[in-house]
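I have placed the structure first, in the form of structure tokens, so that the comments after it can refer back to it.
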Number of protein chains: 2
Amino acid sequence: MSCSEAYAPQLRARGYRMTPQRHAILHTLCHSGKHLTPIEVYARARKQLTSLTEPTVYRTLEFLAENGLIHSAQIGNGRFVYEVTRHAHHHLVCRHCGKELEVDHQIVEKMYQKLESFSGYKITDRHINFFGICSNCQ
Amino acid sequence: MSCSEAYAPQLRARGYRMTPQRHAILHTLCHSGKHLTPIEVYARARKQLTSLTEPTVYRTLEFLAENGLIHSAQIGNGRFVYEVTRHAHHHLVCRHCGKELEVDHQIVEKMYQKLESFSGYKITDRHINFFGICSNCQ
DNA sequence: TTCCTTATTGCAAGAAGTTACAACAATATA
DNA sequence: TATATTGTTGTAACTTCTTGCAATAAGGAA
């Protein structure tokens, strides 16, 4: 029943393991429907696995993001939030009222391509929040 | 002699004050030549003003950035670094070796303009670090 | 000057995030 | 099976960052 079981083969294929801790964290993210802070993940996943600890949550979130099972995104105050991987996307966040707008991926992707050809770098982090003031708040 | 005195009128004009703490922090950033973390600013500025405290450093950096006297930029781990305002620019940072490359501002500016016309938002934060793998490390 | 208002700071406590290391658990190999 | 190897976690201590609040300092008005 749990959506997190689908991820086990992905981990196994790379020589990693699906542990109860990873299961609980993936389960939490799957069923939240939105991005969560590490602290929120910790609080929720602990209801399912009470032995879970903070360092494990931070390590696991970073691990899952590195392996592409979840996405990380930087939020306004310089911290990370996490969500399950759907499609690549960006958000435009209003500094004033907090309203989020999903950005047409084309606009950003074109710039990434230019950046890559200009620099020789291969861009790895394609999930960025942009900040501004929305039309209502201006 | 201190470069930070040039900023006093900018603050006064907005009803703010140039205090010894702000002076010390601006002085530190002016003479470092590179971006610094809040902790680094704290350590350096304290040599000049021993009574300076941590909360004041964090608050002052945020305050100065909001008022355009310094720039803030997000660094890899989701934390902020600060530097004195020069020209608007972006960095491309290698996830592997840490090498930084200054990005041609045109590339990014064009995308910002598209974002603005598409969304109606006015982009406020134009100082973003992009992450990737540099040509050497690929 | 004296009084009032507001900007600004320090203190103390707490929240969030990180690190080092020992212990454990799963898998592979002999 | 026994042994070695490697992945993974918990504990404890620590660093980094934030918040609430009282105290202070600066500037304006009377």
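In the text below, chain A, chain B and the rest are named by the order of the sequence lines, each starting its count at 1.
- Going from atom CG of A:L11 over to atom C1' of C:dA26 covers 14 Å, rounded to whole Å.
- Comparing D:dT16, C:dA25, D:dG27 by their closest approach to the side chain of A:R17 singles out C:dA25.
- Of the listed nucleotides (C:dG17, C:dT19, D:dT8), C:dG17 has the atom at the smallest distance from the side chain of A:I39.
- Pairing each heavy atom of A:F63 with each of A:R22, the nearest pair is CE2-CZ, 3.5 Å.
- Atom-to-atom, CE of A:M18 to P of D:dT9 comes out at 11 Å; the value is rounded to the nearest Å.
- Put simply, B:S51 has a side-chain N or O that comes within less than 4.0 Å of OP1 or OP2 on C:dG10.
- The side chain of A:T56 lies closest to D:dT9, out of D:dT9, D:dA26, C:dT18.
- Here D:dT16 presents its C1' atom at 14 Å from CZ of B:F80, a figure rounded to the nearest Å.
- Following chains of ILVMFWY side-chain contacts shorter than 4.5 Å, one can reach A:Y112 starting from B:I123, so the two form part of one hydrophobic cluster.
- Ranking D:dT16, D:dG7, D:dT9 by closeness to the A:Y16 side chain, first place goes to D:dG7.
- Rounded to an integer number of Å, the gap from CG of A:L52 to C1' of D:dG10 is 10 Å.
- For A:E54 and C:dA20, the CD to C1' distance is 17 Å, given to the nearest whole Å.
- Contact annotation for B:R14: no contact, since no heavy-atom pair falls under 4.0 Å across all strands.
- One atom, CD of A:E40, and another, C1' of C:dG17, lie 15 Å apart when rounded to the nearest Å.
- The shortest distance between the side-chain N/O atoms of B:T19 and the OP1/OP2 oxygens of D:dA25 is not below 4.0 Å.
- In this structure, the side chains of A:M111 and B:I107 come closer than 4.5 Å at one or more pairs of heavy atoms.
- For A:R79 and C:dA15, the CZ to P distance is 12 Å, given to the nearest whole Å.
- For the pair A:R59 and D:dT8, the criterion of a side-chain N or O lying under 4.0 Å from OP1 or OP2 is not met.
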Problem set entry | Working for side-chain contact (heavy atoms from CB on, under 4.5 Å), residues A:H35 and A:H71 | CA-CA 9 Å; A:H35 52 219; A:H71 266 321; over 6 Å; no
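- Distances from the side chain of A:R12 to the nucleotides C:dT27, D:dG27, D:dT19 place C:dT27 closest.
- Taking all atoms of both residues into account, the shortest heavy-atom contact from A:M18 to A:H23 is SD-N, 3.8 Å.
- Within the nucleic acid shown, A:T37 has no heavy atom closer than 4.0 Å to any nucleic acid atom.
- Distances from the side chain of A:P38 to the nucleotides C:dG10, C:dT8, C:dG17 place C:dG17 closest.
- Of the side-chain N and O atoms in B:Y58, one or more sit less than 4.0 angstrom from OP1 or OP2 of D:dC17.
- In this structure, A:Q21 reaches the sugar-phosphate backbone alone: every heavy-atom distance under 4.0 Å involves primed, P, OP1 or OP2 atoms, never a base.
- Ring orientation note: the planes of B:Y82 and B:F80 are tilted relative to one another, at an angle of 30° to 60°.
- Both B:L49 and B:G15 sit near DNA chain C, but only B:G15 has its closest nucleotide nearer the 5' end.
- Distances from the side chain of B:R22 to the nucleotides C:dT8, C:dG17, D:dT8 place C:dT8 closest.
- Residue A:I25 contributes atom CD1, which lies 11 Å from atom C1' of D:dT9 at whole-angstrom precision.
- Checking D:dT9, D:dC17, D:dG10 against the side-chain heavy atoms of A:T60 singles out D:dT9 as nearest.
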